[in-house]
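Everything numeric in this text was worked out from a predicted model, so none of it was measured. In what follows, chains carry the letters A, B, and so on, assigned in the order in which the sequence lines appear, proteins first and then strands, with residues in each chain numbered from 1.
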Amino acid sequence: MHLDLDAFYAAIEQRDHPEWRGRPLVVGAQPGGRGVVATCSYEARRYGVHSAMPIAQAARRLPPETIYRRPDMARYAEVSQQIMRLLQQLSPLIEQVSIDEAYLDVSGLERLIGTPQQIGERAKALIKDKTGLTASVGIGPNRLIAKLASETSKPDGLRVVEAEQVQAFLDPMPISVLRGVGTKTTPRLLAMGLKTVGDVRHQPLERLRQALGARAGTALHLQARGIADDAVQPVTQRQSISKETTFGEDVTDEQQLRETLHWAAQEVGYLARHQALAGALVTLKLRLQPFETHSRSRTLSQRTASDQLIFQTAWELFASSPWRGRPVRLIGVGLSGWEPAACPTQPDLFAASEPQPSTLTTDKLDQTLDAIRDKLGDGLIQRGVRRS
DNA sequence: TCTGGGGTCCTAGGACCC
DNA sequence: TCTGGGGTCCTAGGACCC
């Protein structure tokens with residue numbers, strides 16, 4: 001079963017501000033600024049506005065009474081957690097895939113809780129009752145079908161697709177509903193004369209593989225037949241942590257770039273330490289005119305979560321890059337390459353016994369800063385450190 | 001028309017090793 | 001002087017998703 005909260009950010013804003021109900025509301029960038037629509041209310045969607053639309057374009061379509069809000073992620077995350085806890089009453093196997101979406105394994109719960117459909121109805125009722133929000137639920141033999149079922153039932157819907165109905169359900173759908181078919185692949189498939197999932201299903205596997213590559217071609221071939229993963233995995237280890245920012249106007253001043261990168265490295269280091277993660281790969285991300293994105297990465301000899309080491313590495317990558325001196329639209333840094341998760345037979349003895357003097361001291365400094373930050377609150381200490 | 005931020009996964013070339 | 005085949009790691013970029 002797949003559950004998706006309807007217009008999640010916008011719905012929370014309208015719930016908490018009754019005067020905004022029934023009006024077009026956009027959560028995302030401010031009109032006049034750089035950015036996109038994160039989510040918008042159904043009233044705004046009537047004007048053709050949708051997620052990921054550039055804010056300037058949205059503002060041109062929307063009436064003057066439209067409300068524009070910056071996202072309040074801490075608030076949304078709170079509500080999200082509350083809802084995930086509610087869902088635990090209905091299934092022991094839940095996989096949260098984003099802030100507003102989760103898969104539940106609802107098989108074999110007939111005697112304990114109910115049929116999948118009953119569980120879906122209870123989930124919706126529970127969420128409505130405790131949070132005032134609406135959700136859409138899709139039930140199917142695997143994740144792909146469940147997800148498409150919830151998408152086609154939006155908003156506030158519930159749809160069950162039985163195994164025998166899968167092909168009839170999929171065949172008329174546009175190819176863009178398939179996972180991995182986005183802005184680049186859609187026109188390529190259209191050029192091959194493939195408009196619907198049914199069209200893809202009738203293609204020879206070889207033709208798809210030749211057009212899209214072995215992996216993507218096979219994936220499409222399987223999806224068109226409704227074949228997909230059905231395992232719900234409650235815990236998955238995250239693969240990377242990153243922080244990036246787009247400037248209001250492109251920046252050339254190196255001091256400002258340096259400060260921004262320093263701030264980003266602090267954020268990344270802080271998050272990593274709080275999750276007891278240390279990474280060996282530092283990645284610098286840059287975006288230049290005209291929307292040209294580049295990355296430079298370096299593998300360190302030791303895993304780290306040190307603000308200083310992350311920053312120094314990222315800055316070196318920038319300073320030695322061929323783009324130094326060009327106006328920068330976006331700059332950011334990422335950390336990845338953790339300890340391999342499952343390797344119980346090969347304990348990493350050296351990692352614990354070879355502390356590097358320089359990393360150790362900066363790590364210690366960072367940990368002290370974390371402790372202070374936790375006590376005093378984020379904003380205060382962040383500001384102090386950022387300027388140092 | 002202008003394109004956020006935080007992610008995931010895949011591809012492809014080159015280095016390097018056996 | 002010429003030069004296979006396979007595997008793994010590193011790096012850069014790209015497509016896609018919410």
Side-chain angles (χ1 to χ4, degrees), chain A residues 2 4-10 26-40 48-61 68 70-71 73 76-77 80 96-103 143-144 147 150-151 175-189 209 212-220 223 229 233 236-248 250 264 267-268 271 280-301 317 320-323 329-337 340:
Chain A
H2 180 255
D4 194 325
L5 296 154
D6 302 321
F8 187 50
Y9 304 169
V26 170
V27 180
Q30 287 298 115
R34 273 178 168 176
V36 298
V37 175
T39 317
C40 59
V49 173
H50 54 80
S51 297
M53 178 182 274
I55 197 70
Q57 197 180 331
R60 250 177 272 122
R61 293 173 180 236
Y68 295 90
R70 301 309 309 262
M73 295 313 295
Y76 309 152
S80 173
Q96 182 170 5
V97 286
S98 74
I99 196 163
D100 64 348
E101 254 183 283
Y103 288 97
R143 299 162 64 108
L144 173 70
K147 167 126 183 149
S150 76
E151 271 170 22
I175 46 172
S176 56
V177 305
L178 299 176
R179 310 293 88 184
V181 180
T183 51
K184 301 289 172 178
T185 309
T186 300
R188 290 175 65 185
L189 291 173
R209 289 169 64 110
L212 305 176
R215 204 134 192 160
T218 306
L220 222 57
Q223 284 188 70
D229 191 7
Q233 294 192 319
T236 51
Q237 155 106 20
R238 76 145 90 202
Q239 302 295 313
S240 65
I241 296 173
S242 64
K243 202 79 192 175
E244 65 189 48
T245 190
T246 297
F247 298 111
D250 296 354
E267 294 287 324
V268 167
L271 287 171
L281 186 67
V282 174
T283 303
L284 167 81
K285 181 172 170 181
L286 284 177
R287 182 166 287 150
L288 316 168
Q289 299 162 344
F291 212 70
E292 182 186 308
T293 309
H294 298 281
S295 68
R296 277 283 182 277
S297 55
R298 179 181 298 165
T299 301
L300 306 173
S301 57
L317 286 166
S320 63
S321 78
W323 308 297
R329 179 190 178 94
L330 169 153
I331 196 164
V333 64
L335 185 68
S336 57

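No donor-acceptor distance shorter than 3.5 angstrom exists from the side chain of A:Ser295 to the backbone of A:Leu284, with no hydrogens or angles considered. With hydrogens and angles ignored, the 3.5 Å screen pairs a side-chain donor or acceptor of A:Thr218 with a backbone N or O of A:Ala214. With hydrogens and angles disregarded, no donor-acceptor distance shorter than 3.5 Å links the side chain of A:Arg209 to the backbone of A:Arg215.
The closest side-chain donor-acceptor pair between A:Ser150 and A:Glu101, if any, does not fall under 3.5 angstrom. A:Thr246 and A:Arg34 share no side-chain donor-acceptor pair at under 3.5 Å.
The phosphate of C:dT11 has neither OP1 nor OP2 within less than 4.0 Å of any side-chain N or O from A:Ser295. Remark: A:Ser240 is not in phosphate contact with B:dG6, judged by side-chain N or O atoms under 4.0 Å from OP1 or OP2. Contact between the side-chain N/O atoms of A:His294 and the OP1/OP2 oxygens of C:dG13 is found at a separation under 4.0 Å. Applying the 4.0 Å criterion to OP1 and OP2 of B:dG4, one finds that A:Thr245 has every side-chain N and O outside that range. Listed pair A:Thr283 / C:dT11 fails the phosphate criterion, with no side-chain N or O lying under 4.0 Å from OP1 or OP2. The shortest distance between the side-chain N/O atoms of A:Arg215 and the OP1/OP2 oxygens of B:dC9 is not below 4.0 Å.
Counting heavy atoms from C-beta on, the side chains of A:Phe8 and A:Thr39 never come closer than 4.5 Å. Side-chain contact between A:Leu317 and A:Arg298 is present, with heavy atoms from C-beta onward closer than 4.5 Å.
Residue A:Gln239 is the one, among A:Ala216 and A:Gln239, whose nearest nucleotide of DNA chain B lies closer to the 5' end (criterion: closest heavy atom).
In this structure, the CD1 atom of A:Ile99 is 12 Å from the C1' atom of B:dG5, given to the nearest Å. Rounding to whole angstrom units, CE of residue A:Met73 and P of B:dG7 are separated by 11 Å. Per the geometry, CZ belonging to A:Phe247 stands 13 Å off P belonging to B:dG4, to the nearest Å. In this structure, A:Leu281 atom CG and C:dT11 atom C1' are separated by 9 Å, rounded to whole Å. Atom CD1 of A:Ile331 and atom C1' of B:dG4 are 16 Å apart (whole Å). In this structure, the CZ atom of A:Arg143 is 15 Å from the P atom of C:dC17, given to the nearest Å. The distance between atom CZ of A:Arg209 and atom C1' of B:dC10, rounded to the nearest whole Å, is 14 Å. Atom CD1 of A:Ile241 and atom P of B:dG6 are 12 Å apart (whole Å).
With values rounded to the nearest 0.5 angstrom, A:Gln223 atom CD is found 12.0 Å from A:Ile175 atom CD1. Interatomic distance, OG of A:Ser98 versus CG of A:Leu5, reported as 8.5 Å (0.5 Å rounding). How far CZ of A:Arg329 is from OG1 of A:Thr293: 9.0 Å, rounded to the nearest 0.5 Å.
The C1' atoms of B:dT3 and C:dG14 are separated by 16 Å, rounded to the nearest whole Å.
Between A:His294 and A:Trp323, the ring planes are parallel. Angles under 30° get that label, and only those over 60° would be called perpendicular.
In this structure, the nucleotide among C:dC18, C:dC10, C:dG13 sitting nearest to the side chain of A:Trp323 is C:dG13. Taking every side-chain heavy atom of A:Glu244 into account, B:dG6 is the closest of B:dG6, C:dT11, B:dT8. When distances are taken from the side chain of A:Ser242 to each of B:dG5, C:dT11, B:dG6, the shortest belongs to B:dG6.
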Grab the N/O contacts between the protein and nucleotides 1-3 of chain B below 3.5 Å, and write none if there aren't any.
residue, atom, partner, partner atom, Å
B:dT1, O3', A:Arg60, NH2, 3.4

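Glycosidic conformation at C:dC2 (O4'-C1'-N9-C4 for purines, O4'-C1'-N1-C2 for pyrimidines): anti, more than 90° from 0.
DNA chain B is contacted by no residue of residues 179-189 of chain A, taking any non-hydrogen atom closer than 4.0 Å.
Ion pairing between a basic and an acidic side chain is recognised when a charged N comes within 4.0 Å of a carboxylate O; A:Asp229 and A:Arg179 show no such pairing.
Minimum interatomic distance between A:Ser80 and A:Ile99 (heavy atoms only, all atoms of both residues): OG-O, 2.7 Å.
Nucleic acid contact for A:Leu178: sugar-phosphate only, since backbone atoms but no base atoms lie under 4.0 Å from a heavy atom of the residue. Across all strands shown, A:Leu330 has heavy atoms under 4.0 Å from sugar-phosphate atoms exclusively, and none from any base. Among the heavy atoms of the strands, none lies under 4.0 Å from A:Lys285.
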If you write DNA chain C from 5' to 3' in dot-bracket form, with Watson-Crick or G-U pairs under 3.5 Å, [ ] for crossing pairs and | for pairs with another strand, what do you get? ....||||||||||||||

